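In what follows, residues are counted from 1 in the order of the sequence shown. Not measured: the values here are computed from a predicted model.
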Amino acid sequence: MGQLLIQLAVAEGAKITAVAAHGRPTEHMAALGAEIALDIETLAGDPFDIVLESVGGDVGSKAAYTLRPGGQYVWFGQAGGNPISLELFRLLQGGTSLILRHFVYSDGDGSREAEDMAALPALASHGKLQVEIGHRGDFSSAGPLLKEMSTGRLRGKAVVSIG
């Protein structure tokens, strides 16, 4: 999801900072136009307008404090296995207000999501969106694959054949 988000945001003129764990590959994100930070606590510069968070735990929690007042925090995953934790008094002392939104694909009647999901393959087929395939296999590989995906260890998308 991160690679797609980077490409979509950069195409709209946004400045992107991707936070990655030490030892994890980052070259692909930098090549797409993201600045790379290996430690969320050392981020410098202006506060962020939006945080798109899919890791959870300590990193996800600290990301909330990098927002500008009124910034948006969109939480759409917990690949690290641990929930985020926000300290109300720390937010109050820092003068930071934020909008927390938990993103799920099933909001509303589904029409908007169907439209958005149809746009992604169209962008890819016209060369405006690069999609990395991190796994190809048959359905028998789905169990281990889902475990790998749930822990954030799969880079790219998975293609599973049935039959």
Side-chain angles (χ1 to χ4, degrees), residues 1-64 66-67 71-84 99-107 110 112-139 141-162:
M1 177 77 87
Q3 293 178 56
L4 297 178
L5 290 171
I6 291 169
Q7 292 176 77
L8 293 169
V10 167
E12 292 297 318
K15 178 183 167 195
I16 304 300
T17 301
V19 179
H22 289 279
R24 298 294 294 252
T26 59
E27 302 82 21
H28 60 293
M29 293 184 291
L32 294 172
E35 292 183 19
I36 307 300
L38 297 177
D39 186 349
I40 195 162
E41 293 193 38
T42 61
L43 288 176
D46 294 330
F48 295 98
D49 295 316
I50 187 166
V51 167
L52 302 171
E53 211 302 294
S54 65
V55 176
D58 194 43
V59 170
S61 301
K62 289 176 180 175
T66 66
L67 284 168
Q72 293 193 46
Y73 185 106
V74 181
W75 179 32
F76 65 96
Q78 197 165 295
N82 296 310
I84 61 170
I99 298 165
L100 174 64
R101 177 175 163 88
H102 178 220
F103 173 81
V104 293
Y105 293 109
S106 59
D107 281 353
R112 173 69 192 257
E113 290 82 1
E115 187 179 310
D116 289 347
M117 293 306 283
L120 294 175
L123 289 168
S125 70
H126 290 97
K128 296 181 180 181
L129 191 62
Q130 300 170 19
V131 181
E132 179 180 357
I133 305 299
H135 173 88
R136 289 183 192 270
D138 62 33
F139 191 69
S141 67
L145 175 62
L146 288 171
K147 184 171 183 157
E148 189 174 352
M149 291 171 69
S150 72
T151 60
R153 290 190 312 235
L154 178 70
R155 186 174 125 188
K157 303 298 165 210
V159 177
V160 178
S161 302
I162 299 175

Exercise. What is the distance from atom OG1 of T66 to atom CD1 of I50, rounded to the nearest 0.5 Å?
Worked result: 11.5 Å
Seminar exercise, completed: On a heavy-atom basis, the closest approach of L43 and A37 is CD2-CB, 3.3 Å
Problem set entry | With D58 via salt bridge (charged side-chain N to carboxylate O under 4.0 Å, His left out) - residues at least two apart | K62
Problem set entry | Contact summary for I84 and G56, nearest pair of heavy atoms | CG2-CA, 3.8 Å
For this session: Find the distance between CG (L8) and CG (L32) and round it off to the nearest 0.5 Å.
Result: 10.5 Å
For this session: Drop me the distance from Y73's OH to L67's CG, to the nearest 0.5 angstrom.
Result: 8.5 Å
Seminar exercise, completed: Heavy atoms of I16 and A9 approach each other most closely as CD1-CB, 3.3 Å
Problem set entry | CG on L38 to CZ on R24, rounded to 0.5 Å | 12.0 Å
For this session: Please round to the nearest 0.5 Å and tell me the distance separating atom CG of L52 and atom CZ of R101.
Result: 11.5 Å
Seminar exercise, completed: Residue pairs passing the side chain to side chain donor-acceptor pair (under 3.5 Å) test with at least one member in residues 47-56, sequence neighbours excluded, are D49-R68
Exercise. Where do A34 and A18 come nearest, in terms of heavy atoms and distance?
Worked result: CB-CB, 4.2 Å
For this session: Give the minimum heavy-atom separation between L145 and A158, together with the two atoms involved.
Result: CD2-CB, 3.7 Å
For this session: Evaluate whether atom CG of D46 has more than 12 neighbouring non-hydrogen atoms of other residues, nucleotides or ligands under 6.0 angstrom away.
Result: no
Problem set entry | Residue pairs fulfilling side chain to side chain donor-acceptor pair (under 3.5 Å) with at least one residue in residues 128-137, sequence neighbours excluded | Q3-E132, E132-R155, H135-S141
Problem set entry | Contact summary for A20 and M29, nearest pair of heavy atoms | CB-CE, 4.0 Å
